[in-house]
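Reading through the structure tokens given below for one structure.
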Amino acid sequence: MAKQNYATSSLVIGYALCSSLLAIINKYAVTKFNYPGLLTTLQYFTSAAGVWGLGKLGFLCHDSFNLETAKKFAPAAVVFYLAIFTNTNLLVHANVDTFIVFRSLTPLLVAIADTTFRKQPCPSKLTFLSLVVILGGAVGYVITDSAFSLTAYSWALAYLVTITTEMVYIKHIVTSLGLNTWGYVLYNNLLSLMISPIFWFLTGEHKSVFSAVESRGGESLFHLDAFVAVSLSCVFGLLISFFGFAARKAISATAFTVTGVVNKFLTVAINVTIWDKHASPFGLVSLLFTLAGGVLYQQSVSAKGNTAATQHERSSEQPKDDSDSADDEEKQKLVSSGERPSE
């Protein structure tokens with residue numbers, strides 16, 4: 001029993017560290033390595049190769065790659081790539097706090113899209129209140145953002161649109177394919193890796209890379225600071241998948257949600273502590289206000305989900321198997337991520 005508790009604690013701590021540090025590490029990476037397209041390509045390669053390699057060694061089980069499934073999965077991979085691409089470019093032009101604020105706005109847009117396009121019921125009073133709190137915090141942050149720039153907020157809006165699209169629509173494509181969680185990671189990253197060169201050339205980033213290689217023999221690309229930053233970004237992108245899935249299986253859904261909330265506050269605290277790339281004091285208050293709205297939103301959604309689950313158990317003669325429910329929950333969590341596969 002003691003060993004099991006130790007293992008569970010290790011998984012939760014590992015997930016908390018990876019989740020709270022990932023956005024900061026990515027910001028550090030794009031600061032030292034100003035080639036966001038190439039950076040994401042390296043991240044996709046590391047994650048895909050890591051899952052494939054660990055699968056070969058027997059540490060995890062993933063679905064085999066086949067062309068028919070890849071064709072069906074392609075729309076999800078394109079949207080996933082765009083979400084990560086816009087996320088990385090947002091971090092190039094803005095600080096981590098701006099990213100967190102816009103990431104926290106997604107429940108508001110998802111609620112609007114669900115009600116408007118999917119004909120879902122209107123949000124409950126608690127959910128509506130949480131969305132108002134989120135919006136108020138975000139507006140306060142934007143108004144007081146001294147580092148406001150049209151370029152940064154254009155990337156932020158692009159990221160918001162792509163991640164909302166992923167949450168509302170793409171999850172239906174993914175869950176219908178019957179992939180396990182590591183199969184999802186493999187297909188997502190491998191297909192995104194194939195897509196990367198297209199955007200690399202469309203954005204013209206290849207010219208900057210080739211120019212740097214020709215002028216300095218690659219020194220500006222691969223000096224020690226850049227190498228460490230890129231390596232950390234790639235490794236943490238894979239580690240957060242492992243710790244996220246493992247922790248989700250080891251603890252309850254409520255505990256996992258609480259951990260995710262704490263991680264966001266840890267990200268803000270670490271970001272403020274280690275450098276000056278953060279918002280003003282009033283901006284930080286607005287950011288915390290937005291995160292508080294996120295806590296209320298998660299509580300309202302969890303309460304609604306628990307009520308629906310209770311009604312389903314009472315009315316259904318053959319309830320769904322727990323392992324299937326857990327696997328579906330993992331896929332939903334994975335799809336609703338704006339970062340590397342996790343919250």
Side-chain angles (χ1 to χ4, degrees), residues 16 19-24 26-27 83 86-87 90-91 93-116 122-168 257-304 333 336-339 342-343:
S19 180
S20 58
L21 288 173
L22 186 60
I24 297 173
N26 282 338
K27 175 61 178 179
T86 53
N87 173 11
L90 170 58
L91 288 173
H93 299 284
N95 55 39
V96 174
D97 300 330
T98 304
F99 161 72
I100 295 176
V101 166
F102 276 87
R103 179 66 181 85
S104 299
L105 276 173
T106 52
L108 176 62
L109 293 188
V110 169
I112 294 174
D114 277 343
T115 304
T116 304
C122 292
S124 65
K125 292 181 179 179
L126 180 57
T127 301
F128 182 78
L129 174 63
S130 69
L131 296 176
V132 171
V133 172
I134 291 172
L135 180 61
V139 170
Y141 180 89
V142 173
I143 291 174
T144 60
D145 186 6
S146 60
F148 178 91
S149 74
L150 183 60
T151 301
Y153 276 78
S154 296
W155 282 113
L157 289 174
Y159 169 69
L160 199 55
V161 170
T162 53
I163 196 64
T164 302
T165 301
E166 193 176 41
M167 289 180 176
V168 174
T257 299
V258 171
T259 304
V261 172
V262 172
N263 291 344
K264 292 182 175 65
F265 284 97
L266 281 175
T267 300
V268 176
I270 294 171
N271 188 54
V272 171
T273 302
I274 65 173
W275 56 14
D276 59 355
K277 299 178 185 297
H278 55 76
S280 65
F282 190 86
L284 289 174
V285 171
S286 298
L287 170 57
L288 295 176
F289 201 71
T290 302
L291 291 179
V295 174
L296 284 175
Y297 175 80
Q298 289 176 329
Q299 288 180 337
S300 67
V301 172
S302 297
K304 183 179 178 181
K333 289 279 188 179
S336 65
S337 166
E339 304 172 8
S342 184
E343 294 209 357

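For reference, positions follow the sequence shown, starting with 1.
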Rounding to 0.5 Å, atoms OH (Y159) and OG1 (T86) come to a distance of 7.0 Å
Tightest non-hydrogen contact, residues S104 and I134, listed as O-CG2, 3.3 Å
Interatomic distance, CG@N26 vs CG@L22, rounded to 0.5 Å, equals 4.5 Å
Sorted by chain and number, sequence neighbours left out, side chain to side chain contact (heavy atoms under 4.5 Å, CB included) with S154 holds for L150
Hits for ring-ring contact (aromatic ring centres under 6.0 Å, His included) against Y153, two or more places apart or cross-chain, chain-then-number order -> F102, F148
Sorted by chain and residue number, the side chain to side chain contact (heavy atoms under 4.5 Å, CB included) partners of A152 (sequence neighbours excluded) come out as H93, A94, S149
Here the pair of heavy atoms bringing T267 nearest to I24 is O-CD1, 3.5 Å
Between A138 and T290 the two heavy atoms that sit nearest each other are N-OG1, 3.2 Å
dist I100:CD1 -> L105:CG (nearest 0.5 Å) comes out at 12.5 Å
V285 meets the side chain to side chain contact (heavy atoms under 4.5 Å, CB included) criterion, sequence neighbours left out, with none
With sequence neighbours left out, the residues meeting side chain to side chain contact (heavy atoms under 4.5 Å, CB included) with F128 are V132
side-chain hydrogen bond (donor to acceptor under 3.5 Å, both in side chains) filter on T98, not counting sequence neighbours, yields N95, Y141
In short, S286 meets G140 closest at the heavy-atom pair OG-C, 3.4 Å
In terms of heavy-atom contacts, A156 and L90 come closest through CB-CD1, 3.8 Å
